Amino acid sequence: MKLLVVATGNPGKLREMQAYLSDSGWELKLKPEDLEIEETGDTFAANACLKASLVAKATGNWAIADDSGLEVDVLNGLPGVYSARYGKTDAERITRLLKELGDEVQRQAQFVCVVAIARPDGAIVLQSEGICRGEILYSPRGDGGFGYDPVFYVPEMQMTFAEMTPELKRSISHRGKAFASLLQKLPDLEG
Ligand code: IMP
């Protein structure tokens, strides 16, 4: 098994990545707890790459990182890379977003996820992106998921992300698509 260090301190994210990469032949491991990473990039790609590169260099192993967020068309792509910092809790972040949109009828938005893999010297060798388009509802619907899921409505499914089973969400989500395209390129890597 080849070792891939995940550039996150979040065991939930590790589990999710394990689910996507279960048949890939890579063994995933959390980054060292004392290794701090700051997301200073102004794009998802920049943040995914800086996290993967930093963890690879610090541990001397291959490393993987993802960065994701919600872009609302009429807000010029905000909250974007600030999605996690838009409020202290998920409820606060959703309240702020709905307030900023007000009665606006143009509510198209997209979730974006970029995944990057760095080799032990920190060089980025693989990058992939996934996008899921949808609309922001006027009020939350559904109890599943996390983050902005209750207000993100996918017209093709007539459901919010929070109303979907985890399997359905994974099959159409930005993260699911980014990992699916990453998996197609993974066999080209040497562990
Ligand atoms: P990060 O990728 O861990 O930096 O998190 C980005 C932030 O974007 C999260 O804290 C959520 O607020 C939001 N986000 C990313 N993906 C999703 C998703 O699938 N559902 C809901 N919110 C998400």
Side-chain angles (χ1 to χ4, degrees), residues 5-20 28 30-31 35-55 63-72 75 77-101 107-117 127-137 139-154 156-157 159-182:
V5 181
V6 182
T8 181
N10 180 345
K13 208 167 216 180
L14 176 75
R15 271 197 300 279
E16 195 172 330
M17 287 197 187
Q18 251 153 358
Y20 285 122
L28 270 58
L30 277 181
K31 75 163 177 64
L35 180 62
E36 300 276 339
I37 318 175
E38 232 190 307
E39 294 184 7
T40 51
D42 51 16
T43 61
F44 299 116
N47 279 331
C49 290
L50 77 83
K51 288 189 276 188
S53 190
L54 192 142
V55 169
I64 185 168
D66 77 343
D67 199 50
S68 59
L70 178 67
E71 295 181 334
V72 180
L75 300 178
L78 282 174
V81 290
Y82 307 105
S83 294
R85 292 165 265 172
Y86 224 44
K88 282 198 219 84
T89 61
D90 282 345
E92 263 185 42
R93 290 186 267 269
I94 287 178
T95 303
R96 177 169 171 193
L97 178 67
L98 294 182
K99 199 166 157 206
E100 271 165 29
L101 276 172
R107 302 180 82 89
Q108 291 85 356
Q110 60 188 21
F111 270 119
V112 182
C113 175
V114 176
V115 190
I117 292 187
Q127 212 179 301
S128 68
E129 183 185 69
I131 291 179
C132 182
R133 296 282 300 167
E135 291 161 17
I136 306 300
L137 293 182
S139 55
R141 257 173 55 179
D143 305 313
F146 72 100
Y148 300 91
D149 280 354
V151 288
F152 188 78
Y153 179 78
V154 183
E156 294 79 37
M157 301 292 160
M159 275 186 244
T160 65
F161 266 181
E163 292 174 314
M164 295 179 190
T165 61
E167 292 74 26
L168 177 60
K169 183 184 165 188
R170 269 204 297 276
S171 71
I172 61 159
S173 77
H174 48 310
R175 202 167 291 103
K177 289 177 185 167
F179 275 92
S181 103
L182 189 87

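Source: prediction; values computed, not measured. Whatever order the structure lists them in is the order used to number ligands and atoms, beginning at 1. If you read the sequence from its start, that first residue is 1, and numbering goes on from there.
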Asker: Please name the pair of heavy atoms, one in S68 and one in R175, separated by the smallest distance, quoted to 0.1 Å.
Answerer: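 For S68 versus R175, the nearest heavy atoms are OG-NH2, 3.2 Å.
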
Asker: Can you see which heavy atom on T40 is nearest to which on N47, and at what distance?
Answerer: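 Looking at all heavy atoms of both residues, the shortest contact is N-OD1, 3.5 Å.
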
Asker: E39 heavy atoms, cut-off 4.0 Å: which ligand 1 atoms fall inside?
Answerer: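 With E39 as reference, the close atoms of ligand 1 come out as 4 (O).
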
Asker: May I ask you to identify the nearest protein heavy atom to atom 8 (O) of ligand 1, giving residue, atom name and distance to one decimal place in Å?
Answerer: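 Going by distance alone, atom 8 (O) of ligand 1 is nearest to S83 CB, 3.4 Å.
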
Asker: I need the nearest protein heavy-atom contact for atom 10 (O) of ligand 1: residue, atom name and distance, please.
Answerer: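 Sorting protein heavy atoms by distance from atom 10 (O) of ligand 1 puts A84 CB, 3.5 Å first.
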
Asker: Does ligand 1 come near enough to D90 that some N or O of the ligand is less than 3.5 Å from an N or O of the residue?
Answerer: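 No: no nitrogen or oxygen of D90 is under 3.5 Å from one in ligand 1.
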
Asker: Ring-plane angle category for Y20 and F179, please: parallel below 30°, perpendicular beyond 60°, tilted otherwise.
Answerer: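 Plane angle under 30°, so parallel.
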
Asker: Going by the order shown, which atoms of ligand 1 are within less than 4.0 Å of some heavy atom of D67?
Answerer: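 Those atoms are 2 (O), 4 (O).
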
Asker: So, are R96 and E100 salt-bridged, with charged N and O less than 4.0 Å apart?
Answerer: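 Salt bridge between R96 and E100, a charged N being under 4.0 Å from a carboxylate O: yes.
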
Asker: Quick one: look at F152 and ligand 1, take heavy-atom pairs under 4.0 Å, and tell me if it's side chain, backbone, both or neither.
Answerer: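 Contact part for F152 vs ligand 1: neither.
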
Asker: Out of curiosity, is L70 lining ligand 1, as in a heavy atom under 4.0 Å away?
Answerer: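 It does not, in that no heavy atom of L70 comes within the 4.0 Å cut-off of ligand 1.
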
Asker: Give me the residue, atom name and distance of the protein heavy atom closest to atom 17 (C) of ligand 1.
Answerer: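 Checking every protein heavy atom, the shortest distance to atom 17 (C) of ligand 1 gives F146 CZ, 3.4 Å.
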
Asker: Return a yes/no value for S68: is any of its N or O atoms, backbone included, closer than 3.5 angstrom to an N or O of ligand 1?
Answerer: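 In this structure, S68 places an N or O atom under 3.5 Å from an N or O of ligand 1.
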
Asker: For ligand 1, which atoms sit closer than 4.0 Å to a heavy atom of G69?
Answerer: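 Contacts of ligand 1 toward G69, numbered from 1: 8 (O).
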
Asker: Under 6.0 Å from the CD atom of E38, do we count more than 12 heavy atoms belonging to anything else shown?
Answerer: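 Counting neighbours around CD of E38, 12 or fewer heavy atoms of other residues, nucleotides or ligands fall under 6.0 Å, so no.
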
Asker: What do you reckon, does G145 put a non-hydrogen atom under 4.0 Å from ligand 1?
Answerer: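 So G145 does not count as touching ligand 1.
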
Asker: Give the numbers and elements of all ligand 1 atoms closer than 4.0 Å to a heavy atom of K169.
Answerer: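 Here the atoms of ligand 1 in question are 18 (C), 19 (O), 20 (N).
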
Asker: Can you tell me if R107 uses its side chain to pair, donor with acceptor, with the backbone of E135 under 3.5 Å?
Answerer: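 Looks like no, no N/O pair under 3.5 Å.
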
Asker: Which of the numbered atoms in ligand 1 are under 4.0 angstrom from any heavy atom belonging to K13?
Answerer: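 Answer for ligand 1: 1 (P), 2 (O), 3 (O).
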
Asker: Considering non-hydrogen atoms of the protein only, which is the closest contact for atom 12 (O) of ligand 1, and what is the distance?
Answerer: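 I find the closest protein heavy atom is Y148 CE1, 3.2 Å.
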
Asker: Considering only heavy atoms of H174, which atoms of ligand 1 have at least one such atom less than 4.0 Å away?
Answerer: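 Near H174, meaning under 4.0 Å from one of its heavy atoms, ligand 1 has 16 (N), 17 (C), 18 (C), 19 (O).
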
Asker: Considering non-hydrogen atoms of the protein only, which is the closest contact for atom 23 (C) of ligand 1, and what is the distance?
Answerer: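 Protein heavy atom at minimum distance: F111 CE2, 3.4 Å.
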
Asker: Give a yes or no answer on whether the side chain of S53 reaches the backbone of L50 with a donor-acceptor pair at less than 3.5 Å.
Answerer: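 Not confirmed, S53 side chain does not pair with L50 backbone.
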
Asker: So, the side chain of D149 versus the backbone of F146: is there a donor-acceptor pair under 3.5 Å, distance only?
Answerer: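 Yes: the side chain of D149 pairs with the backbone of F146.
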
Asker: Taking only heavy atoms of D149 into account, list the atoms of ligand 1 that are under 4.0 Å away from them.
Answerer: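 This gives 18 (C), 19 (O), 20 (N), 21 (C) as the contact atoms.
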
Asker: How about E163 and R141: do any of their side-chain heavy atoms sit closer than 4.5 Å?
Answerer: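 A side-chain contact exists here, since the closest heavy-atom pair is under 4.5 Å.
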
Asker: What is the minimum heavy-atom distance between C132 and V154, and which atoms define it?
Answerer: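 Residues C132 and V154, closest heavy atoms: SG-CG2, 4.5 Å.
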
Asker: Among all protein heavy atoms in this structure, tell me which lies nearest to atom 16 (N) of ligand 1, with the distance rounded to 0.1 Å.
Answerer: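 Checked against all protein heavy atoms, atom 16 (N) of ligand 1 sits closest to R175 NH2, 2.7 Å.
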
Asker: Do the ring planes of F161 and F152 sit parallel (below 30°), tilted (30 to 60°) or perpendicular (above 60°)?
Answerer: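 Judged by the thresholds at 30° and 60°, the geometry between F161 and F152 is tilted.
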
